[in-house]
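Okay, so here's the structure we're looking at.
Everything quoted here is computed from the prediction, not taken from an experiment. Heavy-atom basis, side chains included; hydrogens, waters and symmetry copies ignored.
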Amino acid sequence: MDFNPRGKSSAVRGREGIIVTAIGEERLTLLEVLGVPNSTFEVGERIYIGKEGRTKVLSVLGKLEYDHVSSSAQSELSGVVENIVTTNESKFVEYLNNARPLTPRIHALELIPGIGKTYMKTMLEERDKKKFESYQDLQERVGFKDPIKHISERIMDEITGQSRMNLFVKR
């Protein structure tokens, strides 16, 4: 989302170099990454941070809190999150297919903006008949408009710390 070619790490004292602010696609956590010297990064670029086969990353320095992320990274975040929700459609549709009640009064689905009791009941009835296959399938059978936008909004609430409970972001 952002990088500083001559930055100082805020996660690890004394580490300097190409400091990249990224979001993990699996756990949706904000990360500070140390780039390989002389490599270049684009805003919105996907970089591999796994242990084996890294090409542009020396190490993952640590997790970041939203408040410690640069304002330019903050402004890019919602677009990057929306891109992740679009790219990983099967993961999020599977979540919607398997979401359960959190307490006797509240269902996990209701924590997603735009889903109230009515949509939740319709979604539960429809997924009992047949699991949802895509966002399009969900929209056609339930009438729930723009699930990508609503799921992204929920993820942003979790990243920024506006929600007490996390459905998608792993701490």
Side-chain angles (χ1 to χ4, degrees), residues 1-2 10-12 20-33 43-51 60-171:
M1 295 178 302
D2 189 21
S10 58
V12 180
V20 181
T21 303
I23 181 169
E25 222 168 308
E26 278 299 304
R27 298 171 161 269
L28 299 166
T29 46
L30 296 174
L31 301 169
E32 189 172 74
V33 176
V43 171
E45 174 186 1
R46 290 179 76 200
I47 53 174
Y48 181 70
I49 61 171
K51 296 255 183 269
V60 176
L61 299 173
K63 292 180 184 177
L64 290 174
E65 290 297 319
Y66 180 76
D67 301 343
H68 297 115
V69 173
S70 70
S71 55
S72 60
Q74 287 181 4
S75 66
E76 294 292 333
L77 186 59
S78 61
V80 171
V81 165
E82 213 162 286
N83 192 8
I84 290 171
V85 174
T86 305
T87 308
N88 297 293
E89 179 174 7
S90 58
K91 173 184 166 180
F92 291 101
V93 170
E94 183 182 333
Y95 178 84
L96 297 175
N97 280 327
N98 297 312
R100 299 273 164 251
L102 299 169
T103 69
R105 284 207 177 103
I106 212 157
H107 198 284
L109 292 174
E110 292 177 88
L111 297 181
I112 297 170
I115 299 180
K117 297 271 185 222
T118 310
Y119 272 130
M120 180 201 65
K121 283 185 178 126
T122 311
M123 286 173 81
L124 295 176
E125 288 166 8
E126 285 298 320
R127 82 176 190 190
D128 282 345
K129 295 178 198 168
K130 181 175 175 253
K131 297 276 190 208
F132 299 110
E133 293 170 12
S134 65
Y135 295 137
Q136 185 67 39
D137 185 29
L138 172 69
Q139 285 176 304
E140 288 168 4
R141 288 171 41 201
V142 178
F144 183 58
K145 301 276 182 267
D146 209 353
I148 293 169
K149 186 184 107 199
H150 293 294
I151 292 169
S152 300
E153 197 178 316
R154 174 66 200 189
I155 292 169
M156 286 300 296
D157 287 348
E158 292 178 21
I159 289 172
T160 57
Q162 291 174 28
S163 59
R164 287 197 334 242
M165 187 181 297
N166 286 3
L167 303 178
F168 302 108
V169 177
K170 306 290 184 280
R171 290 268 168 226

ask   = What are the two closest non-hydrogen atoms of Gly44 and Val80, and how far apart are they?
value = CA-CG2, 4.5 Å
request  = Decide, yes or no, whether a salt bridge links Lys129 with Glu126 under the criterion of side-chain N to carboxylate O below 4.0 Å.
outcome  = yes
query = More than 12 foreign heavy atoms under 6.0 Å from CD of Glu25: is that the case here?
reply = yes
key: Met156 and Leu77: CA distance, side-chain angles, deciding distance, side chain to side chain contact (heavy atoms under 4.5 Å, CB included) verdict   = CA-CA 8 Å; Met156 286 300 296; Leu77 186 59; 3.7 Å; yes
task = Determine yes or no for a side-chain-to-main-chain donor-acceptor pair under 3.5 angstrom, with Gln74 supplying the side chain and Tyr66 the backbone.
result = yes
ask   = Are more than 12 heavy atoms from other residues, nucleotides or ligands located less than 6.0 Å from atom NZ of Lys117?
value = yes
remark   = Correct closest heavy-atom pair for Pro147 and Gln139 would be CD-NE2, 3.5 Å
ask   = Just wondering, do Val81 and Leu28 contact through their side chains at under 4.5 Å, heavy atoms?
value = no
More than 12 heavy atoms of other groups within 6.0 Å of Glu26 CD = no
task = For residues Lys63 and Leu31, determine if any side-chain heavy atom of one lies less than 4.5 Å from a side-chain heavy atom of the other.
result = yes
inquiry  = Within the structure provided, determine whether Val85 and Phe168 are in side-chain contact (heavy-atom separation under 4.5 Å).
reply    = no
key: Distance, nearest 0.5 Å, that separates CZ of Phe144 from CZ of Phe132   = 10.5 Å
ask   = Taking Arg141 for the side chain and Lys130 for the main chain, is one N or O donor matched with an acceptor at less than 3.5 Å?
value = yes
ask   = Should Ile159 and Thr29 count as side-chain neighbours, where that means a heavy-atom distance under 4.5 Å?
value = no
query = Taking atom CD1 of Ile112 and atom CE of Met120, what is their separation to the nearest 0.5 Å?
reply = 12.0 Å
remark   = The reported gap from CD1 in Ile115 to CG in Leu109 (rounded to nearest 0.5 angstrom) is 5.5 Å
request  = Kindly say whether Gly62 contributes a backbone atom to a donor-acceptor pair with the side chain of Glu32 at under 3.5 angstrom?
outcome  = no
message = How close do Ser134 and Glu89 get, counting heavy atoms only, and between which atoms?
response = CB-OE2, 3.1 Å
inquiry  = Could you measure the distance from the CD1 atom of Ile23 to the CE atom of Met1? Nearest 0.5 Å is fine.
reply    = 6.0 Å
query = Side chains of Val93 and Glu133: closer than 4.5 Å at any heavy-atom pair?
reply = no
task = For residues 154-170, pull every pair meeting side-chain hydrogen bond (donor to acceptor under 3.5 Å, both in side chains), keeping only residues two or more places apart or in separate chains.
result = Arg154-Glu158, Thr160-Gln162
Spacing of Glu76 atom CD and Asn83 atom CG [to the nearest 0.5 Å] = 11.5 Å
request  = Mind listing the closest non-hydrogen atom pair of His150 and Lys145 along with its distance?
outcome  = CD2-O, 3.1 Å
message = I'd like to check Phe92 versus Ile155 (side-chain heavy atoms, cut-off strictly below 4.5 Å). Are they in contact?
response = yes
query = Do NZ/NE/NH1/NH2 and the carboxylate oxygens of Lys131 and Glu94 come within less than 4.0 Å?
reply = no
key: Minimal non-hydrogen separation, Gly143 against Tyr119, with atom names   = O-OH, 3.1 Å
ask   = Leu138 versus Met123: any side-chain heavy-atom pair under 4.5 Å?
value = yes
query = If you round to the nearest 0.5 Å, how far is OH of Tyr135 from OG of Ser90?
reply = 8.5 Å
Nearest heavy-atom neighbours spanning Ser10 and Leu64 = OG-CD2, 3.5 Å
ask   = Quick one: does Val20's side chain get under 4.5 Å of Asp2's, heavy atoms only?
value = no
